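Here is how names work: the chains are called A, B, and so on, in the same order as the sequence lines, proteins then strands, and each is numbered from 1. As the structure is a computational prediction, the values presented were derived from the model and not from experiment.
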Number of protein chains: 2
Amino acid sequence: MLKHVQVREYVRALVTGSAPGSPAPSERELVHRFGVARMTVRQALDALVVEGLLERIPGRGTFVARPRQSVSRISGYTEDMNRRGLLAESQTLLARREQAGPGVARALNISEGDAVIHWRRLRRGDSTPVCIEDAYLNEILLPGFLQSGMPTSLYDALEQRGLRPTWAEDSITADRPTAEEAGLLELPVGGVVLRQSRRAMAGDKTVEVSRSVYRADRYTMWVQLGG
Amino acid sequence: MLKHVQVREYVRALVTGSAPGSPAPSERELVHRFGVARMTVRQALDALVVEGLLERIPGRGTFVARPRQSVSRISGYTEDMNRRGLLAESQTLLARREQAGPGVARALNISEGDAVIHWRRLRRGDSTPVCIEDAYLNEILLPGFLQSGMPTSLYDALEQRGLRPTWAEDSITADRPTAEEAGLLELPVGGVVLRQSRRAMAGDKTVEVSRSVYRADRYTMWVQLGG
DNA sequence: TAGTGGTCTAGACCACTAT
DNA sequence: TAGTGGTCTAGACCACTAG
């Protein structure tokens with residue numbers, strides 16, 4: 001294993017979970033611990049600084065950075081609702097193995113007919129219906145997912161498998177609901193909805209494709225662009 | 001001046017404008033040209049790689065990266081439409097100096113009553129109405145803007161003044177149009193719209209606050225999240 | 001004054017690419 | 001084979017911070 005990787009992962013393990021502002025080992029301390037040159041230690045720490053895990057303060061030391069609430073974290077419904085101070089609840093309407101149709105196959109970058117997990121949920125915020133979400137997951141990447149008991153937060157479950165999305169593209173439009181959607185969302189007559197399609201990737205693997213329909217009177221999407 | 005900064009800026013000047021894939025000077029060539037150590041050159045190039053300006057290919061060399069069509073570029077309507085292959089046209093409905101109301105003042109981070117430029121446009125794509133946009137600009141940052149003749153692209157005009165937005169937050173929701181909006185957008189009865197509110201910053205200066213209303217049947221918003 | 005990160009040197013060997 | 005970037009060494013001096 002490369003030395004700078006060893007040092008980097010040692011430090012990462014040491015500081016993950018530490019409170020922001022906690023000191024990381026000093027460069028010279030790591031030099032002695034690993035018996036490497038200081039440039040090697042700096043290479044390791046540089047990577048963690050670029051990641052946003054650490055920050056350096058000249059003359060003081062290296063510290064755990066406060067997580068920059070940045071674009072780089074892709075949120076799912078649960079996290080989104082919690083950030084709004086609402087309780088996220090979900091009711092599974094459907095969760096089964098299916099064969100990918102042409103659209104889902106193309107979006108997931110797999111072949112038509114390959115196995116996908118189709119998960120349809122009615123999602124509530126503080127007990128009132130907010131959203132219907134149809135998620136399609138690449139089953140190859142998630143063996144045993146359906147059998148393992150469905151989690152509340154898909155993104156938490158993906159994170160535990162090392163597949164938390166780091167990149168996503170959404171397309172968003174306004175529409176009127178279908179009769180079924182209006183029923184599930186308990187929409188008043190004349191209500192409108194926000195439709196969101198998402199393709200989410202973890203590294204170079206497409207893990208999720210989803211279509212969500214939100215009650216527009218209960219949900220405003222918030223998007224941050226740029227650094 | 002720090003040596004690695006000298007090298008970095010030399011290389012930046014050399015490659016900006018070069019086609020993606022063009023070779024940058026090799027590390028050893030820069031070592032000779034500047035009479036510095038290779039680690040110093042690597043420090044300079046590392047910064048440009050992190051910026052996304054260069055990419056390294058082991059065994060081959062360092063090259064101008066293809067600009068990662070990234071989140072970091074904030075687009076306005078004109079650029080957005082052009083990317084869709086549509087001709088962006090605008091009709092100014094209103095362009096005048098106003099006193100900031102409480103909401104606009106807070107969003108622009110100025111005081112109530114301060115001068116703002118209010119610019120209202122009907123925006124077309126391939127000659128059909130797509131959007132009504134109300135933009136409010138901080139007049140302090142844009143002296144003489146109203147007198148200089150209104151441009152087609154606000155973001156181009158801001159760029160020429162060194163104020164192109166690098167960060168923005170949008171909130172997006174679905175709604176039914178008002179009677180005035182339906183008229184301007186030539187919306188059929190029962191049509192729905194997408195409402196977008198934007199706050200855009202260039203560095204630490206808030207330059208634009210806008211509200212846009214899009215015909216949902218002619219416009220789907222596309223958003224890219226994460227790296 | 002002791003410790004920290006920031007910068008810098010002058011080499012070295014490696015795996016890989018292109019000719 | 002010559003050139004490239006990737007990794008690594010064993011030092012050095014600086015400005016800054018803290019006790």
Provide, to the nearest angstrom, the distance between the NZ atom belonging to A:Lys3 and the P atom belonging to C:dC13.
15 Å

A:Leu30 CG to C:dG5 C1', straight-line distance once rounded to whole Å
13 Å

OP1 or OP2 of C:dG3 under 4.0 Å from side-chain N/O of A:Ser26
no

Contact under 4.0 Å: B:Thr40 side-chain N or O vs C:dT7 OP1/OP2:
no

Choosing from C:dA10, D:dT9, D:dT4, which nucleotide comes nearest the side chain of B:Ala37?
C:dA10

To the nearest angstrom, the CE-C1' distance between A:Met39 and C:dT7 comes to 9 Å

Donor-acceptor contact below 3.5 Å, side chain B:Tyr219 vs main chain A:Thr173
no

Between the base of D:dG3 and the side chain of B:Arg28, is there a donor and acceptor pair under 3.5 angstrom?
no

Which residue is it: A:Gln196, A:Arg120, A:Arg123? I am looking for the one with a side chain to side chain donor-acceptor pair (under 3.5 Å) to A:Glu133.
A:Arg123

Distance, rounded to the nearest Å, where B:His32 contributes NE2 and D:dG3 contributes P
11 Å

Between P on C:dT4 and CG on A:Leu45, what's the gap in Å once rounded to a whole number?
13 Å

Which is true for A:Leu2 with a 4.0 Å heavy-atom rule: it touches a base, it touches only sugar-phosphate, or it touches nothing?
sugar-phosphate

Under the side chain to side chain contact (heavy atoms under 4.5 Å, CB included) rule, collect the residues that match up with A:Ala200, sequence neighbours excluded.
A:Tyr155, A:Pro165, A:Ala168, A:Arg198, A:Glu208

Is B:Ser111 reaching over with its side chain to a backbone N or O of B:Asp114, donor-acceptor style, under 3.5 angstrom?
no

Dot-bracket, 5' to 3', for DNA chain D please: Watson-Crick or G-U pairs under 3.5 Å, [ ] where pairs cross earlier ones, | where the partner sits on another strand, dots elsewhere.
||||||||||||||||||.

Just how far, in rounded Å, is P of C:dC8 from CZ of B:Arg8?
11 Å

With side-chain contact (heavy atoms from CB on, under 4.5 Å) as the criterion, how do A:Val104 and A:Val116 come out once you've worked through the C-alpha distance, each side chain's angles and the decisive distance to 0.1 Å?
CA-CA 9 Å; A:Val104 167; A:Val116 295; 4.3 Å; yes

Run A:Ile140 and A:Ile110 through side-chain contact (heavy atoms from CB on, under 4.5 Å) and show every step you take.
CA-CA 10 Å; A:Ile140 298 289; A:Ile110 59 179; over 6 Å; no

B:Phe34 CZ to C:dC8 P: how many Å, rounded?
12 Å

List the atom of A:Val130, the atom of A:Gly125, and the distance in Å for their closest heavy-atom pair.
CG2-N, 3.6 Å

5'-most by nearest nucleotide on DNA chain D - A:Arg38 or B:Glu27:
B:Glu27

Might you list the N or O atoms of the protein lying below 3.5 Å from N or O atoms in nucleotides 16-19 of chain C, with each pair's distance?
{"unit_1": "C:dT17", "atom_1": "O4'", "unit_2": "B:Gly59", "atom_2": "O", "d": "3.2"}
{"unit_1": "C:dA18", "atom_1": "OP1", "unit_2": "B:Arg60", "atom_2": "NH1", "d": "3.4"}

For B:Trp119 against B:Pro151, the heavy-atom pair lying closest together
CH2-O, 3.3 Å

Any side-chain to backbone donor/acceptor pair from A:Arg164 onto A:Ile74? Under 3.5 Å, distance only.
yes

Output yes when at least one side-chain N/O atom of A:Thr62 is less than 4.0 Å from OP1 or OP2 of C:dG5, else no.
yes

Using modelled atom types and a 3.5 Å cut-off, is there a donor and acceptor pairing between side-chain atoms of A:Asp134 and backbone atoms of A:Ser210?
no

Euclidean distance, atom CD of residue A:Glu55 to atom P of C:dT4 [Å, nearest integer]
17 Å

